[in-house]
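Step one of this worksheet: look at the structure below.
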Amino acid sequence: MSETEDVPQSQSTSAASRPAPRRRKRAAASSDESSDDDDTPLATSPAKPKKTKSAAVPMPGAKAATTVSAKSVNGNGRAAAKAKAKAKVKAEPKSDPESEDEDEDDSTPAPNRKRKPVAASSKKAPPSKKVKRESDDDDSDDDAPLAATTPKKAPAKRASKKVKAESDADEDEKPVKKKRATKKAKDESPSDVKPKKGRSKSATAKDELAEGEADEVYKWWEAQQANSGDGEEKWQTLEHNGVIFPPPYESLPSNVKMKYKGKEVVLTPEAEEVAGFYGAMLETDHAQDATFNKNFFTDFLKVLADYPPRNGVRHGAKKEIKKQKDALEEKYTSCVLDGRKEKVGNFRVEPPGLFRGRGDHPKKGALKLRVRPEDITINIGAGVPTPVPNMPGQWKQVVHDKTVTWLANWVENVNGNYKYVFLAAGSLLKGQSDMAKFEKARELKKHVDRIRSDYTADLKSKVMADRQRATAMYFIDRVALRAGNEKGEDEADTVGCCSLRCEHVTLEAPNFIIFDFLGKDSIRYYNRVTVDQQVFKNIRLFKDNKDDSDNLFDRVNTSLLNKHLASYMKGLTAKVFRTYNASITFQQQLDEGTPEMATVQEKLNAYNHANRMVAILCNHQRSAPKTHEQSMEKMRERLRGFKYDWMKLRHVLFAMDPKYKKKKGFAEDESDIDDDFVAQHEDSLKAKEIEKAEKKFAKENEKLVEEGSTAQKDSVLKERVDSIKDEFKRLAKERGTKKASLKRDRPPEKLEEAVQKLGEKIKTFKLQMDDREAGKEVALGTSKINYLDPRITAAWCKTHEVPIEKIFSKTLLTKFPWAMEADDDWKF
DNA sequence: ATGGGGACTTAGGAGGCACCCC
DNA sequence: GGGGTGCCTCCTAAGTCCCCAT
């Protein structure tokens with residue numbers, strides 16, 4: 001609902017026909033108007049697009065508030081507005097000369113962000129809940145992304161483009177699509193591409209397979225070649241078994257029926273399956289969602305039309321044992337690529353279901369159809385057996401395209417997107433490209449200073465396009481925004497840097513910018529940052545005379561931006577900045593934050609802290625675990641319990657010898673342990689002990705009876721309970737006296753030791769709590785998997801003697817074999 | 001330039017499972 | 001030893017970016 005109120009104003013053209021277009025399609029960076037106003041950075045926005053959903057900005061506060069910019073007339077008369085803008089811009093640079101150059105400031109470090117609450121629409125917690133994350137923000141010295149460290153090591157020895165022809169082999173089957181294959185050049189001998197070292201022989205595929213099966217690890221990263229370019233051949237031989245289709249639908253038992261308006265309806269298996277999809281989601285938010293329901297019922301009715309309800313139902317077999325399933329799947333789990341056995345990633349064809357689009361995706365709830373062999377294209381080596389589908393039917397096509405890495409693909413029916421079957425993350429192909437990604441990011445170290453000084457200069461460029469580009473680069477570099485491609489009408493309305501609209505950015509004098517928009521996966525990005533004075537001015541300029549729904553950067557798009565970046569360094573794109581800034585920040589945080597003499601747990605905390613800084617920088621969120629608050633409360637309770645014990649022990653010591661009060665650390669008071677708490681705590685301890693005594697008593701009796709003796713009398717229990725009660729009476733008397741005694745005496749040394757130990761325990765426990773609280777809405781995994789060069793972790797673990805298994809799960813270890821051998825002094 | 005096709009990486013949530021604490 | 005519970009794996013959606021045709 002909501003949503004619908006689009007604001008049709010402003011778009012001269014288009015309009016009507018389409019129902020509520022949500023945003024413009026293109027950034028209209030065209031030169032059209034007085035373009036190239038070489039010396040007039042104009043804030044003109046060409047062809048006014050349609051509207052945007054006004055509801056998009058979740059945070060009312062941030063949105064409306066504080067718009068410092070000179071808003072003024074928002075133009076209807078485009079031309080007039082334009083002229084005005086023009087005049088204005090011309091003047092602008094001079095209008096406030098003071099701040100024109102000065103600030104070289106370097107502010108806005110990356111990882112500091114005050115997170116704000118979350119948007120209604122986005123899944124995340126409601127406003128008040130979002131806690132500001134960790135370190136506060138604002139300039140700090142730790143502006144990681146900015147500090148370029150010196151390259152430590154020569155980067156990437158990437159092989160020169162090595163392209164080959166598809167090799168004659170392909171004649172037979174259908175031709176491979178045009179695409180990049182066009183790039184390939186003439187052939188070289190296969191051995192050119194194959195890694196040399198680490199291979200004993202140039203064996204045939206079969207031979208090497210044997211090797212692979214012997215579980216020998218092939219250390220491709222020790223070999224010469226660096227495979228990575230596009231259009232290059234990715235393999236020479238490839239054998240696999242295709243994909244496995246999900247089992248057919250099995251009907252419910254005949255006594256299970258759907259009711260419609262109180263009457264039982266006997267569905268066909270086809271319809272029942274679809275009804276089941278929905279039934280499975282009744283308890284989820286999806287079923288409450290209007291779009292979801294609309295789409296689902298539209299599709300469901302279609303199914304019902306094709307398969308009208310009838311009488312009589314059959315039901316099939318039972319659930320399969322996992323073992324059976326495994327056996328069935330076994331052959332699909334691996335393939336043989338260039339003679340080596342490799343794991344296949346997603347060999348299971350996606351089963352039919354309801355499309356679960358994220359955020360407010362217009363197609364959520366639509367029926368995702370069952371995929372059949374006729375939908376699937378298989379990519380496989382020429383001359384090896386073509387797999388046979390495990391369901392009736394023929395593959396759509398079989399190709400032998402060596403320039404790509406997928407084994408199978410199909411086009412999904414809801415959005416028309418391609419789906420691919422790739423090798424698993426631990427495979428050579430994926431590993432190589434992963435390593436290449438990080439080497440690329442490290443290469444950026446050599447260029448980043450120049451790039452930064454260039455865009456800093458360009459922030460003042462007279463050419464609007466350049467000034468916008470520089471500003472966009474500033475955001476990408478400093479706050480790690482994504483590139484921000486244009487999106488279509490039938491997708492959720494989310495943005496990135498280049499697709500930001502005016503409504504997503506608010507100025508706050510003197511030099512703050514507040515970002516508030518929905519990014520990838522409709523995750524809210526909220527960030528208030530200090531920026532260069534010039535950036536502040538630029539944004540004011542770019543917003544001038546535009547509507548909220550207009551693109552902030554009307555002269556920039558990702559393609560232009562990346563083209564520019566590539567002029568600095570081959571393969572440099574916006575996304576490399578995220579990898580670079582993430583990894584370099586991480587390295588710095590670790591270097592600065594790892595304690596030398598510390599427990600493993602403390603080091604792990606330092607690691608997690610660094611990890612978290614990166615996750616915050618990249619805005620990797622998760623929804624706080626549902627049980628979070630509850631479990632925090634439990635921890636707090638436990639902590640107070642520890643503190644109570646600790647206090648008691650100390651008081652015993654104090655009673656023995658007052659000199660202990662002076663002992664280092666012993667004098668501390670427990671501010672959150674007041675008499676109320678003590679009373680309550682002792683009550684609950686008492687209750688527990690009594691319960692324990694009762695249980696023990698019952699058990700003893702049980703045993704006695706079993707052995708043929710008579711049970712103890714109840715008076716025995718009573719005695720015990722009374723003794724417990726007495727003990728707690730004594731404790732109650734001790735309250736507030738700062739003195740205590742024990743049932744059993746212990747020598748002071750022992751007590752001292754115990755106090756010490758408990759103190760330690762409390763310390764670590766507190767650390768754990770802080771860690772958990774700070775991390776409740778931050779997803780660490782995403783950066784660990786995708787952005788942090790694993791060699792940083794490997795080296796750190798060696799240096800600080802932390803077992804890497806404490807940090808990398810099994811799958812991550814499998815994914816990063818190539819990083820494990822990094823020396824302990826390796827730096828990103 | 002623009003727009004769409006295509007391939008590949010990055011992303012959060014669901015659900016399973018080991019583990020931990022009572 | 002039984003049930004939370006927190007982490008890991010799986011799943012697949014949603015990005016980025018390149019290429020090509022128009």
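Just so it is clear: chains get the letters A, B, ... in the order the sequence lines come, proteins before strands, and each one is counted from 1.
Of the side-chain N and O atoms in A:Tyr787, one or more sit less than 4.0 angstrom from OP1 or OP2 of B:dA11. Taking 4.0 angstrom as the limit, A:Arg578 places a side-chain polar atom (N or O) nearer than this to OP1 or OP2 of B:dA11. Applying the 4.0 Å criterion to OP1 and OP2 of C:dC17, one finds that A:Lys563 has every side-chain N and O outside that range. Using a 4.0 Å cut-off, no side-chain N or O of A:Lys575 falls inside it from OP1 or OP2 of C:dC17. Taking 4.0 angstrom as the limit, A:Thr782 places none of its side-chain polar atoms (N or O) nearer than this to OP1 or OP2 of B:dT10. An OP1 or OP2 oxygen of B:dA7 is reached within less than 4.0 angstrom by no side-chain nitrogen or oxygen of A:Lys234. Between A:Lys419 and C:dA13, a side-chain N or O to OP1/OP2 separation shorter than 4.0 Å is present. Between A:His620 and B:dA11, a side-chain N or O to OP1/OP2 separation shorter than 4.0 Å is present. Distances shorter than 4.0 Å separate some side-chain N or O of A:Ser433 from OP1 or OP2 on B:dT9. OP1 or OP2 of C:dG15 lies within a sub-4.0 Å distance of a side-chain N or O belonging to A:Thr494.
Side-chain contact between A:Glu486 and A:Asn557 is absent, with no heavy-atom pair separated by less than 4.5 Å. Side-chain atoms of A:Tyr525 and A:Leu481, non-hydrogen and from C-beta on, do get closer than 4.5 Å to each other.
Summary of the strand contacts: A:Phe808 and A:Phe355 both lie near DNA chain C, and taking for each the nucleotide with the nearest heavy atom, the more 5' one is attributed to A:Phe808. For the pair A:Thr558 and A:Ile785, both in contact range of DNA chain C, the more 5′-proximal nearest nucleotide belongs to A:Ile785. Summary of the strand contacts: A:Thr405 and A:Ser559 both lie near DNA chain B, and taking for each the nucleotide with the nearest heavy atom, the more 5' one is attributed to A:Ser559.
Contacts of A:Asn485 with the nucleic acid, taken as non-hydrogen atoms under 4.0 Å apart, include base atoms. At a threshold of 4.0 angstrom between heavy atoms, the contacts of A:Gly496 with the nucleic acid are absent. Heavy atoms of A:Arg358 sit under 4.0 angstrom from at least one base atom. Using a 4.0 Å heavy-atom distance criterion, A:Asn415 is classed as making no nucleic acid contact. Nucleic acid contact for A:Lys520: base, since at least one base atom lies under 4.0 Å from a heavy atom of the residue. Counting non-hydrogen atoms under 4.0 angstrom, A:Gly357 reaches the backbone sugars and phosphates but no base. Among the heavy atoms of the strands lying under 4.0 Å from A:Phe422 is at least one base atom, whether or not backbone atoms are also near.
Which of B:dA11, C:dC17, C:dT12 sits closest to the side chain of A:Asp521 comes down to B:dA11. For A:Tyr420, taking side-chain heavy atoms from C-beta onward, the closest of the listed nucleotides B:dG12, C:dC17, B:dC8 is B:dC8. Nearest to the side-chain atoms of A:Asn562 among the listed nucleotides C:dT12, B:dG12, C:dC17 stands C:dC17. Listed candidates were C:dT9, C:dC11, B:dA7. Nearest to the side chain of A:Arg348 is C:dC11.
Among the candidates A:Asn608, A:Leu812, A:Thr793, the single residue satisfying the side chain to side chain contact (heavy atoms under 4.5 Å, CB included) test with A:Ile807 is A:Thr793.
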* Test A:Phe355 against A:Phe296 for ring pair (Phe, Tyr, Trp, His ring centres under 6.0 Å), laying out the working first. => CA-CA 9 Å; A:Phe355 176 67; A:Phe296 165 72; over 10 Å; no
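Rounded to a whole Å, the CD atom of A:Glu777 is 13 Å from the P atom of B:dG12. Rounded to whole Å, the distance from CG on A:Asp401 to C1' on B:dG5 is 14 Å. Atom P of nucleotide B:dG12 and atom CG of A:Asn786 are separated by 10 Å, given to the nearest angstrom. Taking atom NE2 of residue A:His361 and atom C1' of nucleotide B:dA11, one finds them 16 Å apart after rounding to whole Å. When the C1' atom of C:dG15 is taken as reference, atom CG of A:Asn619 falls 14 Å away, rounded to whole Å. Spacing between atom CH2 of A:Trp406 and atom P of B:dT9 amounts to 15 Å, rounded to whole angstrom units. Spacing between atom CZ of A:Phe292 and atom C1' of C:dA13 amounts to 14 Å, rounded to whole angstrom units. Counting to the nearest Å, the P atom of C:dT16 and the CD atom of A:Glu491 are 11 Å from each other.
When only modelled atom types and interatomic distance are considered, A:Asp490 and A:Asn415 share no side-chain donor-acceptor pair under 3.5 Å. Looking only at atom types and distance, the side chain of A:Asp360 has no donor-acceptor partner in the side chain of A:Ser522 under 3.5 Å away. A side-chain donor-acceptor contact under 3.5 Å links A:Asn485 and A:Thr558.
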Can you give me the N/O atom pairs linking the protein to nucleotides 17-20 of chain B at distances under 3.5 Å, or say none if there are none?
none

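Atom CG of A:Asp299 and atom NZ of A:Lys363 lie 10.5 Å apart (nearest 0.5 Å).
Residues A:His620 and A:Tyr787 bring their aromatic ring centres within 6.0 Å.
Using a 4.0 Å cut-off between a side-chain N of Lys or Arg and a carboxylate O of Asp or Glu, A:Arg348 and A:Glu329 qualify as a salt bridge.
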